[in-house]
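Just so you know, residue 1 is the first one in the sequence shown, and it goes up from there. What you see is a predicted model; the values in this text were computed from it and never measured. Just so it is clear, the values below take in all heavy atoms, side chains as well, and ignore hydrogens, waters and symmetry mates.
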Amino acid sequence: MPGVVVVGTQWGDEGKGKATDQLGQNVDYVVKFNGGNNAGHTVVIDGEKFAFHLLPAGVLTEGVTPVIGNGVVIDLEVLFSEIEEITSRGKDASKLLISANAHVIPSYNRVLDQATERFLGSRQLGTTGRGIGPTYADKMNRIGIRVQDLFDESILRQKVHSALDQKNGLLTKIFKRDAIDPDAVADELLSYAERVRPMVVDCSTLLNKALDEGKTVLFEAGQATMLDIDHGTYPFVTSSNPTAGGACTGTGVGPTRINRVVGVVKAYTTRVGEGPFPTELNDEMGERLRAEGGEYGVTTGRARRCGWHDAVVTRYAARVNGLTDLVMTKLDVLTGHDTIPVCVAYDVDGVRWDEMPLTQSDFHHAKPIYEQLPGWSEDITGVRKFEDLPLNAQRYVERIEQLAGVRISAIGVGAGREATITRHSLVD
């Protein structure tokens, strides 16, 4: 089973880091293929917590080669800060490899991102302000800066000057900000060149050769399906493709090399930032889920919006990604509820929708149609076999599985790497 993609099936924060880390025990490469440091994931090993924003989760696993693909946008300051932190904690990041074609986030795009969001006021999108969107826009506008450009000073300075010819006008005339010195930006980027150089590879050649040799490559998505620029709740989305197809464009590996697509799904639903969220709970129950689930962003620290499980979204994600398996996380957070609602369809102006509504306007008006499932009160954090779960917990998992149309192969019942129930192997 050489090619495995791991994606989020909701609006992010499903626990992909833990799932990727667990799968990473059995793979040779873990590859981040989209996004930047606008998302994060947490891995807990022997009670010690590690928070990542750019580094692939596989960096913690001995024998695994972590790779940052061409579909990622890289804040070099953040990257080396993460490397330094885990190195200081006794972990080895020396095997990290980076695609020469990955784009870097220049400081002016962070400034532009934050200025744009403030300018939008009540119409803001809820971005993290880390320059991700403007850097992807530069990529599409063909004025972006790639990792390989760090090794040609003349080209780099030309590109920075060209980009700021446009952006300084916007900053000074529209946003009333000071102009940015292009040479200062170029000097900052060049200061990283020799530190980056030993890591840079042809990502496509590397990974295809590994697959040819029968090695297992795990492709790790940032963000999630409902934040996909094409398939998510546009415009309240990220600027890349965190769906399974993005694994191919973000690494240079063809779709026929992918053998399994694993979706990570939380037992309930959360999202960060603006945008529609049909099952959101703006009451004490929402606060309870937030508190018991520790629902605060790894990257931003923002409180996550919380709601019941949305099976329509999970089923949509299964179709868009071609999921072969689901990993359910945080089932333990639902312990103690007499009944647990699950959204099985939407009501849009009196019309029932069993699948995602056709238009974004309809989705904004969607009201959840719930099915009530019986809850359980037993502590499940120590359970390691499915048949040892309380009967109602088993039925809850089986009902989500049925509604999604995809088998649930693993279940998280706690934060630690070991707190997992395995029902089917994901990398055989």
Fill in the blank from the handout: Heavy atoms of V72 and K32 approach each other most closely as CG2-O, 3.4 Å
Practice task
Identify the heavy atoms of N70 and G252 that sit nearest to each other, and give their distance.
Solution key: OD1-N, 3.8 Å
Exercise for the section: Can you establish whether the number of heavy atoms outside R384 located under 6.0 Å from its atom CZ is more than 12? Expected result: yes
Handout entry: Sidechain N-carboxylate O distance under 4.0 Å for R290, E287
Key = yes
Problem - Pair listing, salt bridge (Lys or Arg N to Asp or Glu O under 4.0 Å) test, anchored in residues 222-239, at least two apart - result: none
Handout entry: K266/D13 ion pair, N-O < 4.0 Å
Key = no
Practice task
Please say which of V217, T65, V5 ends up in a side chain to side chain contact (heavy atoms under 4.5 Å, CB included) with V31.
Solution key: V217
Practice task
Give me the one residue out of T243, N321, T9 that meets side chain to side chain donor-acceptor pair (under 3.5 Å) with T225.
Solution key: N321
Exercise for the section: Flag the pair K16 and E14 as a salt bridge only when some basic side-chain nitrogen lies within less than 4.0 angstrom of an acidic carboxylate oxygen. Expected result: yes
Exercise for the section: Measure centre to centre between the rings of F219 and Y29, then say whether the value is under 6.0 Å. Expected result: no
Exercise for the section: Classify the ring geometry between F236 and H364 as parallel (under 30°), tilted (30 to 60°) or perpendicular (over 60°). Expected result: perpendicular
Exercise for the section: Test D152 against S154 for side chain to side chain donor-acceptor pair (under 3.5 Å), laying out the working first. Expected result: CA-CA 6 Å; D152 188 326; S154 176; 4.7 Å; no
Practice task
Ignoring hydrogens and angles, tell me if any N or O in the side chain of Q394 forms a donor-acceptor pair with the backbone of L389 under 3.5 Å.
Solution key: yes
Problem - E295 (side chain) donor-acceptor with R304 (main chain) under 3.5 angstrom - result: no
Problem - SB check E284 R288 (cutoff 4.0 Å) - result: no
Problem - Full working for side chain to side chain donor-acceptor pair (under 3.5 Å) between N34 and Y136 - result: CA-CA 11 Å; N34 78 293; Y136 276 115; 5.5 Å; no
Handout entry: R423 NZ/CZ over F386 ring centroid, <6.0 Å and within 45° of normal
Key = yes
Practice task
Would you name the heavy atoms of I421 and V383 that are closest together and state the gap between them?
Solution key: CG1-O, 3.6 Å
